[in-house]
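Please read the structure below before turning to the comments.
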Amino acid sequence: MSQASPHPKHFLSDKVEHFTESVIREMTRQAMQYGAVNLAQGFPDFPAPAEIKRAAQEAIAADVNQYAITWGAQSLRAAIARQMREWQGIEVDPEKEIVVCCGSTEAMIATLLAVCNKGDEVVVFEPFYENYGPDAILSGAKPRFVSLRPPQVAGGEWTFDEQELREAFQHQTTTHHTKAIILNTPNNPTGKVFSQKELELIRDLCVEYNVLAITDEIYEHILYDGSEHISIARLDGMRERTITINGLSKSYSVTGWRVGWAVAPPAITNAIRKVHDFLTVGAPAPLQEAGGAALSLPASYYRELADRYRTRRDHLIPALEKAGFLCYRPRGAYYVMTDISAFGFANDVEFAAYLVKGVGIACVPGSSFYKHPKDGSQQVRFAFCKKPETLDEAARRLEKLRRK
Ligand code: GLN
């Protein structure tokens, strides 16, 4: 039987046409290909804490090797609830309000799949962590972007326009409805830590327009210069309309473990649990067990973590500045967004290609954090969650760039 071969798109979902593979992970592949120092993807190149590795080994030895309860091991959920009480004063019922997922990445998409309907809009600050766009599209929702503007003075803050944010919430018609705002504080890629005043404004809009806040707080412990992390769930009126997402990856340097979670009121939690159950059944059981141990580390662990990252930030930024980058100093998380106008490249993608091949440093092109590539065309992001030796080597290679 002969039949014309189908159009290449015949077998594909329309959804996948609207986004590309991760640029961040593509840059890691290029770093490996060219033997470059990888300051692109945000993962540590130093060992994870010994006590949590031991806890994982012990869990495997003790045969915690079958499925955990699908919404998460009891010990980990209890530890998450305890931490939210201790750090943010938020009371959570671990039996009804937590879903443990395969990383905060799954927690985010499971949440969006659980709450979005066709025609829903999701407000996202831009520049944004690249997952949020595809996550919204895969959930049938439409992202609506609100600009974060770079600091106008050295050491200043990224800011947003109150009116622009309000308009994003107001954009409601019979077919369009604002369902949620995705918040990420401390923020990737800008390093912005949202202030109490900014969060109160977002709260007021969420309450006025009956909108959910989905808040990605994966960098909650990585803070600099006295900045304070505030979970929006703790503001009056937000507990019942917030989904708080977090995970082990960044606080405990175990990005490959893929253990994260979503915390939400019971009805929303139930919906997320259903989606999660059919997406992945559960996160790795022994690593959830070790997660309980990780979340029990003393407060000094988090102070030292933030201190070490501050030192690394203050190691990389001067080297970048010396080479000609304009750096937007982060208040949290472990990335620095930079302006590359001084180098005279047509765009960020060409610059990043030159940097990885010609200088031997991988960064992330700024355009991958914007809807319209031209908005990020003179920016690139560097990650500094690396060993001092790695940053030294990057600094040495940056000298080449300066001399060019
Ligand atoms: N969150 C990390 C980053 O922004 C890594 C996640 C990823 O691989 N996309 O680099």
Side-chain angles (χ1 to χ4, degrees), residues 19-33 36-46 48 101-110 112 124-138 143 148 158 182-193 214-223 245-262 283 305 309 312-313 316 328 330-338 348-349 352 355-356 361-370 376 379-387 390-391 394:
F19 57 92
T20 61
E21 274 188 74
S22 160
V23 176
I24 297 176
R25 289 182 284 280
E26 165 60 21
M27 290 313 296
T28 285
R29 289 190 286 270
Q30 290 196 19
M32 286 156 75
Q33 185 181 347
V37 178
N38 187 357
L39 304 187
Q41 197 176 12
F43 64 87
D45 67 347
F46 47 83
C101 293
C102 295
S104 62
T105 297
E106 193 219 337
M108 178 59 77
I109 193 154
L112 286 166
V124 179
F125 286 105
E126 179 185 58
F128 53 88
Y129 174 52
E130 58 173 14
N131 283 38
Y132 305 150
D135 284 351
I137 293 164
L138 288 168
L148 287 175
W158 290 75
I182 296 180
L183 201 63
N184 172 216
T185 182
N187 184 260
N188 176 7
T190 65
K192 177 179 175 65
V193 178
I214 305 173
T215 168
D216 176 349
E217 304 188 354
I218 192 86
Y219 302 99
E220 72 169 324
H221 294 295
I222 304 175
L223 297 162
I245 290 174
N246 212 322
L248 298 181
S249 293
K250 311 294 181 176
S251 297
Y252 308 101
S253 307
V254 286
T255 60
W257 281 18
R258 313 314 300 137
V259 179
W261 51 86
L305 178 81
Y309 280 135
R312 284 158 203 201
R313 176 194 68 172
L316 182 64
Y328 302 120
R331 304 281 186 241
Y334 48 44
Y335 309 99
V336 51
M337 268 296 247
T338 68
D348 58 315
V349 175
L355 200 69
V356 73
I361 298 175
C363 64
V364 180
S367 55
S368 64
F369 304 104
Y370 291 87
Q379 293 177 355
V380 300
R381 187 198 79 173
F382 293 91
F384 53 83
C385 46
K386 306 292 169 182
K387 293 190 281 232
T390 309
L391 298 176

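Bear in mind the structure is a predicted one, so any value in this text is a computation, not a measurement. Both counts, for ligands and for their atoms, begin at 1 and track the order of listing.
Near N188, meaning under 4.0 Å from any of its heavy atoms, are these atoms of ligand 1: 1 (N), 3 (C), 4 (O). If you number the atoms of ligand 1 from 1 as listed, the ones under 4.0 Å from a heavy atom of I24 come out as 3 (C), 4 (O), 10 (O). For ligand 1 and R381, the ligand atoms under 4.0 Å from any heavy atom of the residue are 3 (C), 4 (O), 10 (O).
When F43, Y129, Y334 are checked for heavy-atom proximity to atom 6 (C) of ligand 1, Y129 turns out nearest. Nearest to atom 5 (C) of ligand 1 by heavy atom, out of E130, M27, Q41, is Q41.
In E26, neither the side chain nor the backbone holds a heavy atom less than 4.0 Å from any atom of ligand 1. Only the side chain of Y219 comes within 4.0 Å of ligand 1, judged by heavy-atom distances.
Cation-pi contact between K386 and F43: present, with separation from the ring centre below 6.0 Å and deviation from the ring axis of at most 45°.
For ligand 1, the polar-atom distance check against N131 finds no nitrogen or oxygen pair separated by under 3.5 Å. An N or O contact shorter than 3.5 Å links G42 to ligand 1 by distance.
When each of Y309, Y335, Y334 is paired with Y219, the side-chain hydrogen bond (donor to acceptor under 3.5 Å, both in side chains) condition holds for Y335 and for no other.
Among protein heavy atoms, atom 7 (C) of ligand 1 sits closest to R25 NH1, 2.8 Å. In this structure, the protein non-hydrogen atom closest to atom 1 (N) of ligand 1 is K250 NZ, 3.2 Å.
Taking 4.5 Å as the limit, every side-chain heavy atom of F125 sits out of range of all side-chain heavy atoms of K192.
For the pair Y335 and ligand 1, a heavy-atom separation below 4.0 Å is found.
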Can you list the steps and then say if Q379 with Y328 is a side chain to side chain donor-acceptor pair (under 3.5 Å)? CA-CA 10 Å; Q379 293 177 355; Y328 302 120; 4.7 Å; no
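Heavy-atom minimum distance, C102 versus A283: SG-CA, 3.8 Å. The two atoms that bring P365 and V380 nearest to each other are CA-CG1, 4.2 Å, heavy atoms only. Looking at every heavy atom in both residues, R312 comes nearest to F384 through CB-O, 3.5 Å.
Under a 3.5 Å cut-off, the side chain of R381 and the backbone N or O of A40 do form a donor-acceptor pair.
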